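Contents: one structure, followed by commentary.
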Amino acid sequence: MSLSSAARIAQSGLNTVTAEASVLSRNIAGSSGSQPYSRKIANVEATPGGSQLVSIARASNLAVFRNMLTSTSAVAAQDALSSGLEMLNQTVGDVSSGSGTTPSATSPAAQLSNFANALQSYQASPSNATLASAAVEAASSLASGLNSDETIVNQVRQQADSEMATSVQSITALLAQFQAVNSQIVYGTANGTDTTDPQDARDNILTQLSKEIGIITTTGANGDMSIYTDGGVTLFQGGAARSVTFAATDTYAAATAGNAVYVDGVPITGSASVMPSASGKLAGLAALRDTLAVTYQSQLDGMAASLIATFSEADQLGSGPNLPGLFTTAGAAMLPSTITGLAAQIRVNPNVDPNLGGNPLLLRDGGISGNPNYTYNTTGDASYQSRLSQLLSTLAATQTFSAAGGIATSASLTSYASDSLSWLQEQRSNASSQQTYQSTLVDTATTALANTTGVNLDDELSKMLDLERSYAATAKLITTVDGMFAALLADLGNLPA
Amino acid sequence: MTSYFSTQSIASSLRQSILQLQSELAASQREIATGNHADIGLTLGAQTGESTLLQTAKSHLQTILDTNQTVTVRLDTTQRILGSLQGSAQDLLDSLLQSSGSTSNATILRDSAESDLKGLIAGLNTTLDGDYIFGGTNTGNQPIADYYATGAANKADVNATFLTAFGMAQTNPSVSTISAASFQSFLDTQFAPLFLGPGWQASWSSASSQRRTNQITDSETVNTSVSANSTAFQQLAQAYVMIGDLGIENLNPSAYRTVANKAQAILSSAISNLTDMQASVGLVQTSVNGAATQMSLQMNILSTQIGNLENVNTYEVATRVADLRTQIEASYSLTSQLQTLSLVKFL
């Protein structure tokens with residue numbers, strides 16, 4: 001032990017305190033940023049040569065972090081689903097009883113009710129041409145309501161499709177950034193340099209990636225991380241990202257099927273996928289585009305088909321085929337053969353529409369198809385009621401609907417329309433409560449993560465006081481040793497020759 | 001080891017709770033203003049369809065109530081006309097009975113019958129809003145041909161049949177030579193078919209025998225009109241033409257008595273048929289009135305059920321709004337207080 005070794009120890013102490021102070025200032029500076037920042041911890045070890053800064057670690061909690069990633073993906077999926085459902089809800093408008101016959105009650109159920117009432121009023125006074133026109137008007141509103149409802153469904157699917165394309169682009173960009181940061185970490189770990197900042201950046205990229213698609217991560221000993229989708233498909237491995245591809249579809253009609261997203265050649269969305277992704281925005285959008293919107297479409301088509309069939313006319317004289325009556329498809333002379341897409345095609349027959357030069361009284365007489373064999377009112381009576389009564393009772397009768405609608409298959413048109421309304425509201429309600437639940441989970445996970453890895457300013461500041469004290473003490477020590485050296489040399493100068 | 005927490009998480013959790021409370025406050029205020037749930041579809045979920053079905057049922061009942069008003073007017077008019085027809089038939093019957101077969105009042109009776117026939121034709125041809133209410137479902141065409149119009153087919157038929165039977169017109173004074181027996185057989189075999197069965201619809205009536213029906217409640221459909229082809233009207237026409245246009249003022253007393261007796265019988269039958277018709281129309285009127293009350297009650301029940309689904313308890317919501325405001329104010333004050341809690345201020 002010598003004075004010089006004391007000086008050296010003091011000097012190493014100063015270096016250590018300085019290093020700790022720099023870590024502390026990094027913490028204080030980083031905590032005010034908008035990016036998530038994990039607290040850096042300076043590991044100091046006492047050695048025979050003084051103290052030494054061994055390493056800088058970061059505060060982390062892998063379990064909580066993974067929890068947060070999972071909940072972020074879940075929330076993102078629900079958000080995508082919810083906003084799609086809100087757009088679909090435009091087809092419904094206001095469902096309260098105060099809306100009644102006002103234009104804000106635009107659901108098929110409400111417009112069907114208005115039409116049925118108008119037809120009922122007409123049936124009570126079949127000679128009244130004004131009431132006939134009103135009934136045809138109401139039918140027209142119903143048909144054009146179904147038309148615009150299908151347009152909205154197509155728009156929802158279109159928007160989901162383009163958002164999926166955007167999401168895939170984000171994923172590709174994020175994977176490229178991830179690759180750069182990951183190789184930086186591997187290099188730094190091999191060289192023993194401080195990799196805590198790149199690790200923060202890597203975690204941030206993972207958080208953003210988890211919003212787009214659900215992910216699972218594993219870390220190797222050299223700091224290399226691999227990413228897999230929650231369905232098990234490889235996204236990033238061995239330092240290289242796999243390709244994520246998606247072919248967007250520009251326009252959607254009723255029968256259009258959207259393309260799947262392919263990761264590494266494996267489809268992760270759609271019914272053909274064996275390793276589907278279940279969370280993340282992509283999964284939510286795919287469920288919206290391929291399942292929910294298609295089911296709703298099928299319900300609308302079912303209603304249109306039922307209307308066309310109910311109002312079709314039978315051959316009164318011979319055994320010819322049934323022809324379209326009040327409701328028909330654009331420009332067609334025969335009944336439609338397929339149901340898909342009928343909601344966009346259903347129209348009021350121009351032969352009956354007074355706005356197009358038709359005769360609304362044909363609603364009472366029949367023969368709307370133009371063929372006189374299909375006229376029901378053979379006597380030409382002005383108050384002929386049988387056809388109208390028949391139409392009203394068929395409208396109220398139980399009919400069969402396709403199972404693709406996901407609701408009742410045997411119901412009257414009125415209850416089918418209200419079932420469809422219920423179905424959509426139930427989806428909204430479920431998505432909303434799931435969203436609330438998942439949001440709470442995300443909040444809890446984020447708070448837990450922040451509490452484990454975040455920076456507490458008061459804690460840092462009180463550590464700063466400690467460091468200040470320690471630095472002052474070490475500096476005093478050096479001054480004292482210097483004074484001792486000076487005293488020694490001064491005394492040496494005073495030795496006799 | 002005490003648990004660690006980050007400074008940022010305190011601020012962000014307060015911030016998020018304030019956002020949450022504010023959006024709840026906005027929704028609650030909307031609920032107070034409308035009295036309904038803020039987003040009915042979201043709140044009711046799968047039950048929204050129930051609410052829609054109730055509204056559909058209620059508006060359907062309202063439609064029936066509205067159409068019943070037209071029906072009521074039609075039934076009232078029909079009843080009024082049936083009443084006046086019955087009155088004039090009864091008067092003629094009384095005069096016939098009083099004259100008891102003497103020819104002294106023949107001219108007066110003939111004139112009465114003529115005006116009664118005009119009344120019958122006018123009554124049966126009544127229109128309401130452009131519809132001939134006695135036309136059955138054929139409301140677009142005038143039901144009864146005007147006997148006194150020039151070239152009327154029904155008058156021509158009567159004239160032709162009389163001419164064929166007796167070789168002279170009714171206005172010929174020589175009708176006094178016609179015997180009672182031959183007149184009786186004429187009335188029974190050649191005159192009656194002009195008014196009953198297919199003869200009625202050949203020259204007299206273009207009405208449809210199909211009566212109009214209307215749905216007066218959710219489940220009841222009833223006949224709401226009377227057809228001009230009803231037996232009572234055929235009999236009235238027969239009786240009136242018999243007295244008014246067969247030249248009774250010139251008949252010999254025995255032939256006259258034959259005609260008078262036959263007319264009395266037909267009129268009695270007609271009046272009893274008219275009474276039956278009035279009774280059945282009256283039943284329908286009662287049903288319609290009862291239906292209005294019944295449907296109003298049903299609509300009230302439906303409104304209550306809809307209200308149960310849609311409405312919020314405004315007192316509860318007002319209390320919630322007060323609570324939310326208190327919570328928001330507490331969050332605000334906490335946020336400002338926490339800002340001052342920093343070691344920096346004390347260094």
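Per chain, numbering begins at 1; letters A, B, ... match sequence-line order. Just so it is clear, the model here is predicted, and its values are computed rather than measured.
- By number of non-hydrogen pairs under 4.5 angstrom with chain A, the leading residue of Thr56(B), Leu42(B), Thr52(B) is Leu42(B).
- At most 12 heavy atoms of other shown residues, nucleotides or ligands fall within 6.0 angstrom of atom CG in Asp129(B).
- Pairing each heavy atom of Leu53(B) with each of Ser415(A), the nearest pair is CD2-CA, 4.2 Å.
- Of the two parts of Leu54(B), neither the backbone nor the side chain holds a non-hydrogen atom closer than 4.5 Å to a non-hydrogen atom of chain A.
- Counting heavy-atom pairs closer than 4.5 Å to chain A, the top-ranked of the candidates Thr213(B), Thr221(B), Ile306(B), Leu309(B) is Thr213(B).
- Closest heavy-atom contact between Thr67(B) and Ser121(A): CG2-CA, 3.7 Å.
- Between Gln120(A) and His60(B), the shortest heavy-atom distance links the atoms OE1-CE1, 3.4 Å.
- Considering only heavy-atom pairs separated by less than 4.5 Å from chain B, the leading option among Glu426(A), Gln427(A), Gln123(A) is Glu426(A).
- At a 4.5 Å heavy-atom cutoff, the contact between Thr48(B) and chain A is made by backbone and side-chain atoms alike.
- When atom types are taken as modelled, the side chain of Ser422(A) and the backbone of Gly49(B) share a donor-acceptor pair closer than 3.5 angstrom.
- Looking only at atom types and distance, the side chain of Thr137(B) has no donor-acceptor partner in the side chain of Ser383(A) under 3.5 Å away.
- In this structure, chain B has a heavy atom under 4.5 Å from the side chain of Glu460(A), while its backbone stays farther away.
- For chain A, the nearby parts of Thr139(B) are the backbone and the side chain; heavy atoms of each come within less than 4.5 Å.
- When each of Arg212(B), Gln210(B), Gln215(B), Glu50(B) is checked for heavy-atom pairs under 4.5 Å with chain A, Arg212(B) comes out on top.
- Distance alone, capped at 3.5 Å, is enough to place a donor-acceptor pair between the Gln55(B) side chain and the Val95(A) backbone.
- Considering all non-hydrogen atoms of both residues, Ser59(B) and Asn117(A) come closest at OG-ND2, 3.0 Å.
- A 4.5 Å side-chain heavy-atom check between Gln16(B) and Asp443(A) finds at least one atom pair inside the cut-off.
- Heavy-atom minimum distance, Thr7(B) versus Leu457(A): OG1-N, 2.8 Å.
- Taken to the nearest 0.5 Å, the CG atom of Leu44(B) stands 9.0 Å off from the OG atom of Ser429(A).
- Atoms OG and CD, from Ser31(A) and Gln8(B) in turn, are 6.5 Å apart once rounded to the nearest 0.5 Å.
- Interatomic distance, CD of Gln425(A) versus CG of Asp39(B), reported as 7.0 Å (0.5 Å rounding).
- Across Asn456(A), Thr452(A), Asn451(A), a single residue satisfies side chain to side chain contact (heavy atoms under 4.5 Å, CB included) together with Ser6(B), and that is Asn451(A).
- Screening Ile40(B), Asn311(B), Thr34(B) against Ser96(A) for a side chain to side chain contact (heavy atoms under 4.5 Å, CB included) leaves a single residue, Ile40(B).
- In terms of heavy-atom pairs under 4.5 Å with chain B, the best-connected choice from Thr379(A), Asp459(A), Leu465(A) is Asp459(A).
- Residue Asp66(B): no heavy atom, backbone or side chain, is found under 4.5 Å from chain A.
- Contact of Ser462(A) with chain B is made through backbone and side chain together, with heavy-atom distances under 4.5 Å.
- At a 4.5 Å heavy-atom cutoff, Asn141(B) makes no contact with chain A through either its backbone or its side chain.
- Of the two parts of Asp419(A), neither the backbone nor the side chain holds a non-hydrogen atom closer than 4.5 Å to a non-hydrogen atom of chain B.
- A 6.0 Å sphere centred on NZ of Lys40(A) holds more than 12 heavy atoms belonging to other residues, nucleotides or ligands.
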